[in-house]
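Okay, structure first, notes after.
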Number of protein chains: 2
Amino acid sequence: MPSSGKRSGSYNVATRGRLLDAAELLFAESGIDSVTLKEIAQKSGGNVGQIVYHFGQKEELVREVILRRAGVISADRIQLLDSYERLVGKGNVALEPVVRAFLDPYFERLESNDPGWRCYALFIGRNVWDRRLAPVIAEGFNPTAKRFIATIRTAVPALTEADSARAFQFLLSGLYGSTTNDTRFDSLVEETDDSGSADYNRYQQVLIPYVVGGIRAIGEMREAGA
Amino acid sequence: MPSSGKRSGSYNVATRGRLLDAAELLFAESGIDSVTLKEIAQKSGGNVGQIVYHFGQKEELVREVILRRAGVISADRIQLLDSYERLVGKGNVALEPVVRAFLDPYFERLESNDPGWRCYALFIGRNVWDRRLAPVIAEGFNPTAKRFIATIRTAVPALTEADSARAFQFLLSGLYGSTTNDTRFDSLVEETDDSGSADYNRYQQVLIPYVVGGIRAIGEMREAGA
DNA sequence: GTCTATACGGCGATAGAC
DNA sequence: GTCTATCGCCGTATAGAC
């Protein structure tokens with residue numbers, strides 16, 4: 001990487017981006033392992049050698065697919081939380097705005113024009129708990145996660161630190177369960193007038209009260225002395 | 001399949017079981033695709049040919065690993081729900097016992113002597129939303145799921161059918177989030193005195209109030225007119 | 001009926017020609 | 001910076017031993 005950054009070559013950056021886009025799409029459709037490097041190359045209009053050149057091995061390609069958008073979404077979340085804490089004071093946070101600061105940016109991106117975000121959500125949701133991805137997931141998301149775990153506890157002081165971490169894990173599970181699965185939901189609901197496959201908005205509407213109510217209930221249990 | 005069932009051969013059933021056990025363990029450790037047939041065969045004390053003979057292809061082996069225990073856990077859940085409904089009357093069910101009827105059998109098996117159940121839970125939790133597994137998962141779990149979705153709605157009548165289905169999906173997500181992830185939880189909690197890696201009981205204690213409180217909150221939102 | 005031995009096409013990864 | 005040749009290993013299929 002000599003002088004001009006993006007320019008030398010102009011190919012470099014563009015090719016990387018196209019390869020990442022293609023990989024993201026195909027990983028979302030079929031999972032990491034079912035997708036071959038050849039398919040990714042074809043989808044991007046390139047060839048296998050380019051992937052090897054730019055990413056070395058498949059694992060690194062996966063890594064960059066994850067981290068590329070993880071940074072963006074994490075910045076959104078932190079920015080919202082910062083703004084809110086500055087307005088109400090760090091010790092005066094309420095639970096629902098904190099939960100919204102975490103969830104809203106995700107749903108907002110899902111409804112944006114860039115369809116890559118929807119692929120990303122499918123891919124991430126289906127692979128969050130994959131052992132092999134744990135280091136990358138942690139690298140991309142743990143700093144923000146720790147911040148939110150601490151803030152949830154400030155909002156609901158009756159929680160222990162472990163309670164708050166588990167509550168956050170439930171929050172994550174609910175989010176990924178909402179954004180990952182179309183087909184199974186459709187097969188569980190008879191009436192079809194409500195199940196517009198990718199209608200994330202409907203999930204968001206029930207997920208937020210669910211999470212807030214759930215976390216409050218844990219706090220109430222602790223206050224009752226359990 | 002002629003006369004004697006299990007006997008001709010005694011080998012047949014035992015080999016099948018060993019292969020399924022080995023596959024279950026390895027799938028839980030490393031995921032379906034990372035595990036090779038050779039590894040499964042070695043772990044079971046056999047060879048690749050046995051797998052091909054008994055299951056034809058890897059996909060069918062996966063299928064039988066899933067369905068073997070799905071039937072057992074589903075029967076537990078239905079039996080508990082039936083008993084409860086008979087005692088209080090079908091129209092008088094309360095939310096928490098219904099949630100418990102679904103969650104308790106799972107946690108109970110997790111704490112049983114058979115470590116296969118813990119492998120199964122890790123495997124299922126990491127792969128519930130896998131597209132390729134959707135048909136098998138539906139085959140094994142949907143009948144019970146539909147029953148619980150309907151019963152949750154009886155317990156909280158303010159829910160729409162779609163609400164109840166989404167609530168059930170959150171319930172599932174929370175369960176699988178609890179039983180799937182050791183490492184990430186550990187990396188999010190500083191103090192180590194509470195995080196005895198596989199302490200499912202602690203998850204169960206907070207998951208039940210969380211789910212019940214969350215579903216109630218959705219119902220209250222609907223009653224408030226949203 | 002149960003299992004072993006062997007062969008085949010396709011994968012990810014590597015090295016090196018252009 | 002791009003592409004081809006090659007390697008070892010994978011899942012699968014099959015033919016035949018017991």
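The chains referred to below are lettered A, B, ... by the order of the sequence lines, with proteins before strands, and numbering in each begins at 1. This one's a predicted model, so the numbers in the text were calculated from it and none came from an experiment.
Listed by chain and number, the residues in a side-chain contact (heavy atoms from CB on, under 4.5 Å) with A:Leu25 are A:Glu29, A:Lys43, A:Cys119 (sequence neighbours excluded). Under the side-chain contact (heavy atoms from CB on, under 4.5 Å) criterion, A:Glu59 pairs with A:Gln57, not counting sequence neighbours. A:Phe148 is linked by a ring pair (Phe, Tyr, Trp, His ring centres under 6.0 Å) to A:Phe102, counting only residues two or more places apart in sequence or in another chain. By the side-chain contact (heavy atoms from CB on, under 4.5 Å) test, B:Thr151 is found to be paired with B:Leu81, B:Glu85, B:Val93, B:Val98, B:Arg147, residues two or more places apart in sequence or in another chain being considered. With sequence neighbours left out, the side-chain contact (heavy atoms from CB on, under 4.5 Å) criterion links A:Gln204 to A:Asp104, A:Phe107, A:Glu111, A:Asn201, A:Ile208.
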Task: Nucleic acid footprint by protein, nucleotides 11-18 of chain C - heavy-atom cut-off 4.0 Å, B for base, S for sugar-phosphate alone - done: SSSB----

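Distance B:Ile40 CD1 to D:dC10 P: 12 Å, rounded to the nearest Å. One atom, CZ of A:Phe55, and another, P of D:dT2, lie 12 Å apart when rounded to the nearest Å. Whole-Å rounding puts the B:Gln42 CD to D:dC10 C1' distance at 14 Å. Look at CZ on B:Arg16: it is 15 Å from C1' on C:dC3, rounded to the nearest Å.
Applying the 4.0 Å criterion to OP1 and OP2 of D:dT2, one finds that A:Tyr53 has every side-chain N and O outside that range. For the pair B:His54 and C:dC3, the criterion of a side-chain N or O lying under 4.0 Å from OP1 or OP2 is met.
Between the A:Gln169 side chain and the B:Gly177 main chain, a donor and an acceptor come within less than 3.5 Å of each other.
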